[in-house]
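Before any comments, here is the structure.
This structure is a prediction, so every number in the text was calculated from the model and none was measured. A, B, ... follow the sequence lines: proteins, then strands. Residue 1 opens every chain. Atom set for the values below is all heavy atoms of this structure, side chains included, hydrogens, waters and symmetry mates excluded.
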2 protein chains.
Amino acid sequence: MTEMKPYGTVLIKAAKIMDYLEAQPDQSLQTIAKATNMTASTTIKILDTLVMIGYVQKDKDKTYRLGAKLIRYANKSIEQIDLAEITLPYLEELQKTIDETIHLGILNDNEILYINKLEPKNQTIRMSSKVGITRPLYNSAMGKAVLAEFSAEEVGQYLATHTLVPYTENTITNPLRLAKELDVVRETGVAYDDEEVESDIFCTGVSLKKAAQIVGAFSVSMPKYRLTKESKQLINEALLQTKQTIEKMLA
Amino acid sequence: MTEMKPYGTVLIKAAKIMDYLEAQPDQSLQTIAKATNMTASTTIKILDTLVMIGYVQKDKDKTYRLGAKLIRYANKSIEQIDLAEITLPYLEELQKTIDETIHLGILNDNEILYINKLEPKNQTIRMSSKVGITRPLYNSAMGKAVLAEFSAEEVGQYLATHTLVPYTENTITNPLRLAKELDVVRETGVAYDDEEVESDIFCTGVSLKKAAQIVGAFSVSMPKYRLTKESKQLINEALLQTKQTIEKMLA
DNA sequence: GTTATAATTTCTTATATAGAAAAGGAGGGT
DNA sequence: ACCCTCCTTTTCTATATAAGAAATTATAAC
């Protein structure tokens with residue numbers, strides 16, 4: 001057991017505050033201090049500095065929230081993720097075939113982080129989804145596609161540390177049933193989210209790998225009522241075809 | 001002259017590194033250290049911590065770039081900006097009238113920061129613009145609309161600290177000419193970007209105020225060739241009408 | 001006004017940091 | 001294969017910084 005050498009204690013504490021504000025905006029000093037197990041005097045000093053550098057914003061009512069500077073960073077961060085750029089033309093092509101919402105995501109902190117979205121051109125239904133949101137691995141289409149690439153050990157580790165919270169009545173909350181479904185995903189290469197995240201929404205996802213490493217996933221989302229046996233088949237084939245093309249580019 | 005009390009020195013240094021990586025991705029330790037005037041040993045320790053908390057990503061070739069965690073923060077940050085939520089229905093309404101790209105921006109660090117974008121439904125031309133990008137105050141439509149709300153003193157301060165860099169041959173680089181144009185904006189309430197940021201793109205913008213405070217701006221962007229005397233008039237009226245409606249909501 | 005509660009500042013000791021220097025890679029040339 | 005150079009990483013210690021208790025100031029409720 002090697003002793004961890006701490007460096008940047010304030011930086012780590014600042015990150016703790018940021019993470020808390022990510023989950024709970026508009027909180028008072030007291031609340032933040034309690035939630036992060038720090039004294040008020042330490043907390044206010046860190047918050048002052050965070051406000052100074054634009055990471056946090058302080059409102060007139062003395063509550064704190066995440067700052068606009070982060071929006072700038074994120075824009076650059078996405079630009080710096082090569083995957084978004086490389087995949088874009090192929091996802092656009094895919095959209096010409098399937099006129100539905102297409103998402104690109106990466107694996108981040110055991111969740112799917114959305115980094116690009118292509119909206120349908122001729123459909124009028126708008127789904128609420130945004131770049132920057134996250135979805136669990138166990139119930140989203142992209143998530144399951146990625147989870148299916150995990151080793152048995154990794155899946156076990158994931159299940160041991162994550163509760164399968166029911167988002168809808170369709171959400172799979174039984175680890176064994178999930179494991180079985182992952183077997184099917186491994187066979188077919190395609191993962192579904194059949195109203196497991198949100199009612200009426202059906203998603204189909206595939207993973208993206210580079211040199212045996214998971215680099216991300218992409219998916220097609222649509223209202224369930226538009227799904228037919230034919231469109232399902234078409235989507236599966238188009239996704240697998242696009243996956244193959246993109247992975248050839250990544251190699 | 002009250003002496004500034006420093007707190008969170010590492011945090012401030014970390015922000016300096018982040019800002020550098022925002023501008024220059026994929027840099028080596030040496031390069032980052034030199035650019036930020038820090039020793040390599042200090043820099044690597046901060047970078048290690050930044051990587052640990054997900055703000056920075058370290059690649060196999062030992063270069064550093066902004067981390068995906070920032071994309072999560074940004075998503076929440078935008079959600080926490082009430083302006084985006086409040087204005088959305090009105091901007092959607094506006095888009096039904098004018099089928100062009102509509103942007104919402106806020107004033108951030110003397111620039112316009114884009115926080116929402118509504119794309120045209122029936123037009124096929126796609127403009128490259130993203131949430132998170134910034135535009136100068138002196139040449140963008142939203143920027144000029146905001147600048148026109150500055151006091152003479154504030155405008156002077158802005159001009160003293162910012163060079164009017166020519167983005168295109170149409171960009172106004174003469175401070176006096178800009179000042180004159182701002183007078184017109186104050187009269188009409190509407191600001192133009194006539195191919196001053198990008199060739200072939202014409203934008204019309206208005207500011208948003210709450211209790212005499214600038215809170216943001218929004219604009220319509222379109223290819224110049226689509227602009228007619230009639231559409232220009234229509235856009236101006238629709239923008240001013242929408243501005244009025246939104247500001248009534250903000251009050 | 002009075003009281004209670006929260007925000008902010010001050011001050012001092014314990015702690016973390018900065019940077020020089022040394023050690024440990026990685027790569028290029030011969 | 002070996003050396004040499006440049007870059008990354010670790011170690012170590014004087015010095016600067018941070019943490020927290022307590023005092024002070026602001027804010028809100030009554």
Side-chain angles (χ1 to χ4, degrees), chain A residues 1-67 80 211 213, chain B residues 1-67 80 211 213:
Chain A
M1 287 241 178
T2 43
E3 190 60 48
M4 250 272 289
K5 313 149 197 175
Y7 192 94
T9 54
V10 173
L11 185 47
I12 289 162
K13 283 177 189 177
K16 237 169 119 180
I17 292 176
M18 299 279 290
D19 285 347
Y20 177 67
L21 289 177
E22 181 190 358
Q24 303 287 334
D26 296 305
Q27 299 298 313
S28 69
L29 174 65
Q30 290 286 332
T31 314
I32 297 168
K34 268 171 203 152
T36 53
N37 284 311
M38 301 171 7
T39 62
S41 55
T42 296
T43 307
I44 198 174
K45 280 176 266 185
I46 294 174
L47 279 168
D48 276 351
T49 306
L50 283 171
V51 168
M52 200 188 79
I53 62 179
Y55 291 17
V56 164
Q57 185 183 333
K58 184 178 188 173
D59 292 345
K60 283 134 292 160
D61 62 350
K62 302 198 175 178
T63 61
Y64 299 84
R65 56 168 79 188
L66 295 179
Q80 293 174 21
Q213 285 282 311
Chain B
M1 287 241 179
T2 43
E3 189 60 49
M4 251 270 289
K5 312 146 196 176
Y7 192 94
T9 52
V10 172
L11 185 47
I12 290 162
K13 284 178 190 177
K16 236 169 120 181
I17 292 176
M18 299 280 289
D19 285 347
Y20 177 68
L21 288 177
E22 182 191 359
Q24 302 286 335
D26 296 305
Q27 299 299 312
S28 69
L29 174 66
Q30 288 286 330
T31 314
I32 298 168
K34 269 172 202 151
T36 52
N37 284 312
M38 300 173 3
T39 61
S41 55
T42 296
T43 307
I44 197 173
K45 279 174 267 186
I46 294 174
L47 279 169
D48 276 350
T49 306
L50 283 171
V51 168
M52 201 187 77
I53 60 179
Y55 291 16
V56 164
Q57 185 182 332
K58 183 179 188 172
D59 292 344
K60 283 135 291 159
D61 62 351
K62 303 196 175 178
T63 61
Y64 298 85
R65 55 169 79 188
L66 295 179
Q80 293 173 20
Q213 284 284 309

Terminal helix-axis angle for the helix from C/dG1-D/dC30 to C/dT30-D/dA1, with five pairs defining each axis and rounding to 10 degrees:
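End-to-end axis angle: 50°.
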To the nearest angstrom, how far is [X] atom [atom1] from [N] atom [atom2]?
| X | N | atom1 | atom2 | answer |
| --- | --- | --- | --- | --- |
| B/L47 | D/dC7 | CG | C1' | 14 Å |
| A/D48 | D/dA18 | CG | C1' | 14 Å |
| B/L11 | C/dT17 | CG | C1' | 14 Å |
| B/Q30 | C/dG25 | CD | P | 17 Å |
| B/K58 | C/dG25 | NZ | C1' | 12 Å |
| B/I44 | D/dC7 | CD1 | P | 14 Å |

Which is more 5' along DNA chain C, the nucleotide nearest A/G8 or the one nearest A/L29? Just name the residue.
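Checking each residue's closest nucleotide, the 5'-ward one belongs to A/L29.
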Identify the pairs formed between an N or O of the protein and an N or O of nucleotides 19-23 of chain D at a distance under 3.5 Å, and give each distance.
| residue | atom | partner | partner atom | Å |
| --- | --- | --- | --- | --- |
| D/dA19 | OP1 | A/K13 | NZ | 2.3 |
| D/dA19 | OP2 | B/Y7 | OH | 2.1 |
| D/dG20 | N7 | A/S41 | OG | 3.0 |
| D/dG20 | O6 | A/K45 | NZ | 2.8 |
| D/dA21 | N6 | A/S41 | OG | 3.3 |

Quick one: which protein N/O atoms are closer than 3.5 Å to N/O atoms of nucleotides 25-30 of chain D? Pair and distance per line, please.
none

Hey, which of B/T43, B/N37, B/T42 is the one that makes side chain to side chain donor-acceptor pair (under 3.5 Å) with B/T39?
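That would be B/T42; it is the only one of B/T43, B/N37, B/T42 passing the side chain to side chain donor-acceptor pair (under 3.5 Å) with B/T39.
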With side chains defined as the heavy atoms from C-beta onward, is the minimum distance between [X] and [Y] less than 4.5 Å?
| X | Y | answer |
| --- | --- | --- |
| B/Y7 | A/I46 | yes |
| A/D26 | B/Q80 | no |
| A/E22 | A/L66 | yes |

With a 3.5 Å distance limit and no angle check, can you tell me whether B/T63 reaches the backbone of B/D59 through a side-chain donor-acceptor pair?
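The answer is no, because no donor-acceptor pair under 3.5 Å joins these two groups.
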